[in-house]
Amino acid sequence: MSGLNLISCSPQETEELGSQLGLLLQPGSFLALQGELGGGKTCFTRGVVSSVAPESAHMVASPTFAIMNNYQAAVPVYHFDFYRLTGDDDIAELGFEEYFYGKGVCVVEWSERLNELMPSDHLTVKFDYQDDLQRTITITADGPLSKKVIQQLIDRRSGQNNL
Amino acid sequence: MLVLAIETSCDETAAAVVRDGREILSSIVSSQIAVHALYGGVVPEIASRKHLEMISPVISQALQSAEVSMADIEGVAVTRGPGLSGALLVGFSAAKAIAAARRIPFVGVHHIEGHLLASFLEQPVEFPFLGLIVSGGHTHLYHVEGIGCYTTLGRTIDDAAGEAYDKSAKIMGMPYPGGAVIDKLAGSGSCAAVALPRPLLHDGTLRFSFSGLKTAVLQHVAKHPVTNPSQELNDLCASFQQAVCDVLAFKTEAALQQTGVRRLVVAGGVACNSGLRSRMAELCKKLKVDLSIPAPSLCGDNAAMLAVAGDYYLSNGMASKQTLDVTATWDMDSIKELLT
């Protein structure tokens, strides 16, 4: 498994990493975000949307209550948050699979709640607390599309140790 | 006009009968809180199926409580969006079916438009006014120039105020829903006890951010675990509530000054919060601005609130067509273009 391990020292850096990754994503890309409350998931998503769907970047907000936000653009971003869901049954019943394999980019907060429904080709972005401000962000790839994306990200960032 | 209103956009199945967009004859909300409490959150999978189970009994009960029959209903107002399509479809399909069968008009209304105008069921508010909508999914400021004429002035860039309440309550080890509990405990705490951030307070915009506040609560609890009940918990609740109210009051004041509007409407589920209600009353007294906050039963999601705009649109010939569908996203600023 290819991977990237980074330290973010601020919400701005987390958002910037999201925007760098966003530039490399393709229609059908699937980002599975993981980590505790306050890890930076929504912040990271704001960065991704600023690159993939810039005209809708001002619409980004936490979808915890709504479960899904839809940011429209040439390549739309479907921003999910499964914090309030319990597992695959909930997600299947809500009919989200059509988005998972659609023409947009999916960004899923609380993707830990996905089991069998997780698309086999996906990028996992994990946020861990270092201290009050710093987070460790680990990006790993499964499947050919995502592996290509992460290799491009590694190439672009070669020489940089921090954000 | 006697309007039947139906709401299924998120976690509540609701129906109401309202006369002339003013007089509530009945308002039934099938609150699912008892079911959700088991999960420490609202489980929409249950909600979605529940809407389907509840829609007919809730409509029947609304008619029965209003002491009217379906034959008396002259129009139907229903939430068309925003929300989850599956949930919206339950209410929207019911509204269309009733309209078709009874040969009466129906209109799809924006859920937030319903909240903004809920006050009118108690006392009409003169236009223009500033609307602050605070709920689990929204923290928005709108300039309202008339029914259907809304301009978004500011919104949250991450968590909604209600979400910050729910998540912070969970971090503090309290049960769902958190807002009411935090509000209650805050009454016995010191709001200066815990230093918490006021995100984006001085950024010069009308944007809100509550994610960092929730994170600060998480970090505080990690360092200073709280037990329930305890004075420390009350203090943390009071400090948290103060931080939320500070930000909401500060940005609302800025928006009032920016627009020069002399009337403020606060609505949405978090408008039930006693701390926020008294804070807004204080602010409006200071600025000599008229304040309307609906009664708590009209702050949370309900169907009656849809009848204000619904009655207006139907009475002015702006009914929706049977071919219209629900919409998961719907911009408040271009509401009229998408009405029919």
Side-chain angles (χ1 to χ4, degrees), chain A residues 10-11 14-15 35-47 49-50 56-73 76-96 98-99 109-110 113 127 129 131-135, chain B residues 9-11 36 38-49 82-87 89 111 135-140 152 154-160 162-164 166-168 170-171 176 199 207-220 222-223 269 327-331:
Chain A
S10 69
T14 298
E15 190 171 333
E36 284 310 297
L37 283 174
K41 300 184 287 295
T42 303
C43 182
F44 182 85
T45 305
R46 203 178 308 122
V49 176
S50 74
S56 288
H58 65 288
M59 301 292 286
V60 177
S62 164
T64 296
F65 191 77
I67 314 294
M68 177 184 136
N69 289 343
N70 184 337
Y71 309 124
Q72 285 163 353
V77 177
Y78 306 119
H79 183 192
F80 296 91
D81 186 330
F82 295 152
Y83 179 73
R84 302 201 294 150
L85 304 185
T86 49
D88 282 3
D89 288 353
D90 288 7
I91 294 155
E93 188 159 330
L94 288 166
F96 289 149
E98 61 174 294
Y99 294 101
E109 301 195 33
W110 296 93
R113 312 272 153 101
F127 301 80
Y129 274 79
D131 58 34
D132 284 2
L133 272 180
Q134 286 196 13
R135 306 283 185 273
Chain B
S9 73
C10 198
D11 300 329
H36 297 144
L38 297 171
Y39 296 88
V42 181
V43 183
E45 178 262 336
I46 293 171
S48 179
R49 210 182 303 140
L84 290 176
S85 305
L89 266 172
H111 178 75
S135 68
H138 289 82
T139 305
H140 282 52
T152 307
R155 46 178 291 152
T156 180
I157 62 162
D158 42 53
D159 297 1
E163 177 183 350
D166 283 343
K167 286 185 172 169
S168 296
K170 206 170 172 191
I171 290 164
Y176 177 87
R207 297 186 307 168
F208 296 96
S209 166
F210 290 104
S211 177
L213 179 57
K214 161 203 72 194
T215 306
V217 170
L218 182 80
Q219 288 164 352
H220 177 84
K223 286 171 200 153
T327 176
T329 52
W330 192 0
D331 189 359

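Predicted, not measured: the structure shown is a model, and the values here were computed from it. Lettering follows sequence order; numbering is per chain, from 1.
At a 4.5 Å heavy-atom cutoff, the contact between I157(B) and chain A is made by backbone and side-chain atoms alike. Heavy atoms closer than 4.5 Å to chain A are found nowhere in S211(B), neither backbone nor side chain. Proximity to chain B (any heavy atom under 4.5 Å) is shown, for F82(A), by neither the backbone nor the side chain.
With respect to chain B, the highest number of heavy-atom pairs below 4.5 Å among P63(A), A61(A), G39(A), A66(A) belongs to A61(A).
Between M59(A) and D331(B), every side-chain heavy-atom pair lies at or beyond the 4.5 Å cut-off. Side-chain atoms of R84(A) and D11(B), non-hydrogen and from C-beta on, do get closer than 4.5 Å to each other. A heavy-atom distance below 4.5 Å is not found between the side chains of D166(B) and Y83(A).
Across all their heavy atoms, H58(A) and R155(B) have their closest contact at O-NE, 3.8 Å. Pairing each heavy atom of D132(A) with each of Q219(B), the nearest pair is O-NE2, 3.0 Å. Residue C10(B) comes nearest to F65(A) through the heavy atom pair SG-CE2, 3.7 Å, listed as atom of the first residue, atom of the second, then distance. The shortest heavy-atom contact between G38(A) and T215(B) is CA-OG1, 3.2 Å.
Annotation: the span from S62(A) atom OG to K214(B) atom NZ amounts to 6.5 Å, rounded to 0.5 Å. Here OG1 of T329(B) is found 8.0 Å from CE of M68(A). Values are rounded to the nearest 0.5 Å. Of the inter-residue distances, the one linking L37(A) atom CG with K170(B) atom NZ reads 8.0 Å to the nearest 0.5 angstrom.
Remark: E36(A) CD is loosely packed, at most 12 non-hydrogen atoms of other residues, nucleotides or ligands lying under 6.0 Å away.
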